[in-house]
A.B. asks: 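Okay, here's the structure, questions in a sec.
Side-chain atoms are counted along with the backbone in the values below, which use heavy atoms only and exclude waters and symmetry mates.
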Amino acid sequence: MNDQRSAAGAMAAEQAAAVAVPEAVSAPGGAAGPVRPKGRRAALAPVALVVAGGLSVQFGSAVAVLLMPRAGALGVVTLRLAVAALVLMAVCRPKLRGHSRADWGTVLAFGVAMGGMNTLFYQAVDRIPLGAAVTLEVLGPLALSVVASRRLVNLVWAGLALGGVVLLSGGGFDRLDPVGAAYALGAGAMWATYIVFSARTGRRFPQADGLALAMVVAALLSLPLGILESGSKLLVPSTLGLGAAVALLSSVLPYTLELMALRRLPAPTFAILMSLEPAIAATAGFLILDQALSATDALAIALVIGASMGAVRSQVRVGKRRDHA
């Protein structure tokens, strides 16, 4: 994030502020901080952009689940990343010269994390409900935030999240499909890695250039897997069309909306809003995939959302005290 002001606590603040959507750290570097427009309607506009971005991501994931019988989980990942890479490269037109070896190493690691996160997540939603998958996945960024803050109060939030996971699993992940749950947890670990390298890439590359280059890396890594699983099925026009829709809904559109919102919205507020992702995912799963939630599942998701919000707010209070010190 470009609006972090404490040099000593910059990485911890970035990680906490990116609990829900780490893509935000690749926001354009030209802005010194969020612009605070006057008027209630203007103040609500960036909030609407954030919510729209979250809806786009999760409904895009629901469309991806519908596409999986045609293209397979790995094929869907390939289509999403390849189309998103083409669009971002065309829009950003990043410079390929003038970067150091360390710059390229960072963007390579960012791309590997992005590809791994997407691959594991789609393997998860192929086996367990979308809301459950996102709830388990968000534990990765939450754990990173707790570790980065090094505050005892965040152990409370970690315990709250753990309670949500226990409820979601019904005391054992066999209810969810243990393989799908393991994939979701792995995706969460990759998401935490994504946060770290997204922040580093955002500092090394202007605008969203690093994001575009990392997307190319992720697409190239996923291409052999997608071809191996689906082959010529990926070239069927209807499959290509749905794959492009997934890319636009899950990558291009939400990234754009989030970057616009961050220009007028404080990063911590953005992160708290995006902690609602599991609830949005559960809604998308219900409306599009007919994946109903039990009362216990809804309570489990609420606990994880509350833990995410609490961790972010706790870190924000620390940052404010440092700024006033």
Side-chain angles (χ1 to χ4, degrees), residues 1-5 7 10-11 13-15 17-18 20-35 46 49-50 53 56-57 60 77-119 141 190-223 244 246-267 270-271 274:
M1 297 280 182
N2 293 313
D3 57 351
Q4 306 299 337
R5 294 174 178 79
M11 179 58 73
E14 283 169 348
Q15 291 164 347
V21 178
E23 293 93 333
V25 295
S26 293
V35 178
L49 291 175
V50 172
S56 182
V57 167
V77 173
T78 296
L79 289 173
R80 172 185 170 174
L81 294 177
V83 173
L86 290 173
V87 173
L88 287 173
M89 288 295 288
V91 172
C92 298
R93 298 180 182 181
K95 294 181 180 179
L96 300 180
R97 296 183 179 180
H99 303 298
S100 67
R101 182 177 297 179
D103 292 340
W104 285 113
T106 300
V107 85
L108 178 62
F110 185 24
V112 170
M114 185 188 301
M117 178 179 66
N118 280 279
T119 299
M190 294 305 296
W191 195 351
T193 305
Y194 176 105
I195 291 173
V196 174
F197 286 101
S198 181
R200 294 178 183 178
T201 301
R203 289 193 292 267
R204 289 178 177 272
F205 291 83
Q207 304 298 322
D209 288 9
L211 174 63
L213 293 170
M215 190 71 75
V216 171
V217 173
L220 291 175
L221 290 175
S222 71
L223 189 60
V246 171
L248 293 174
L249 286 171
S250 296
S251 296
V252 178
L253 182 59
Y255 292 165
T256 302
L257 293 175
E258 288 156 12
L259 292 178
M260 291 170 60
L262 276 167
R263 291 170 182 166
R264 293 184 287 170
L265 193 69
F270 172 87
M274 291 312 296

A.B. asks: So Phe197 and Met114, side-chain contact (heavy atoms from CB on, under 4.5 Å) or not? Walk me through it.
C.D. replies: CA-CA 10 Å; Phe197 286 101; Met114 185 188 301; over 6 Å; no

A.B. asks: Do you know the tightest heavy-atom contact between Leu253 and Ser56?
C.D. replies: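 The pair with the smallest heavy-atom distance is CD2-OG, 3.5 Å.
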
A.B. asks: Tell me, please, which residues at least two apart from Leu221 pass side-chain contact (heavy atoms from CB on, under 4.5 Å).
C.D. replies: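 Result, side-chain contact (heavy atoms from CB on, under 4.5 Å) vs Leu221: Val112, Val217.
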
A.B. asks: Where is the tightest heavy-atom contact between Gly210 and Thr201, given as atom of each residue plus distance?
C.D. replies: CA-CG2, 3.5 Å

A.B. asks: Do Trp104 and Leu96 touch side chain to side chain, with heavy atoms closer than 4.5 Å?
C.D. replies: yes

A.B. asks: Considering non-hydrogen atoms only, spot the tightest contact between Ser222 and Val77 and give its length.
C.D. replies: CB-CG1, 4.1 Å

A.B. asks: Testing the basics here: between Asp103 and Phe205, what is the closest heavy-atom pair and its distance to 0.1 Å?
C.D. replies: O-CE1, 3.6 Å

A.B. asks: Rounded at 0.5 Å granularity, tell me how far CG in Leu108 sits from CZ in Arg101.
C.D. replies: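 Leu108 atom CG to Arg101 atom CZ measures 13.0 Å (nearest 0.5 Å).
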
A.B. asks: My understanding is that only residues two or more places apart in sequence, or in another chain, count here; which of them pass side-chain contact (heavy atoms from CB on, under 4.5 Å) with Ala192?
C.D. replies: Leu144

A.B. asks: List the atom of Ala247, the atom of Ala84, and the distance in Å for their closest heavy-atom pair.
C.D. replies: CB-N, 3.9 Å

A.B. asks: Can you check whether Gln207 reaches Cys92 side chain to side chain, under 4.5 Å on heavy atoms?
C.D. replies: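 Not touching, per the 4.5 Å side-chain cut-off.
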
A.B. asks: Rounded to the nearest 0.5 Å, what separates atom CG in Leu213 from atom CG in Leu88?
C.D. replies: 10.0 Å

A.B. asks: To check you understand the geometry: which heavy-atom pair defines the closest contact between Ala113 and Met190, and what is its length?
C.D. replies: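 Taking every non-hydrogen atom into account, CA-CE, 3.5 Å.
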
A.B. asks: Return the set of residues passing side chain to side chain donor-acceptor pair (under 3.5 Å) with Thr106 (not counting sequence neighbours), or none when no residue passes.
C.D. replies: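 Listed in chain order: Arg204.
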
A.B. asks: Are side-chain heavy atoms of Asn118 and Leu81 found at a separation under 4.5 Å?
C.D. replies: yes

A.B. asks: Test side-chain contact (heavy atoms from CB on, under 4.5 Å) on Leu211 and Phe110; report intermediate values, then the result.
C.D. replies: CA-CA 8 Å; Leu211 174 63; Phe110 185 24; 4.2 Å; yes

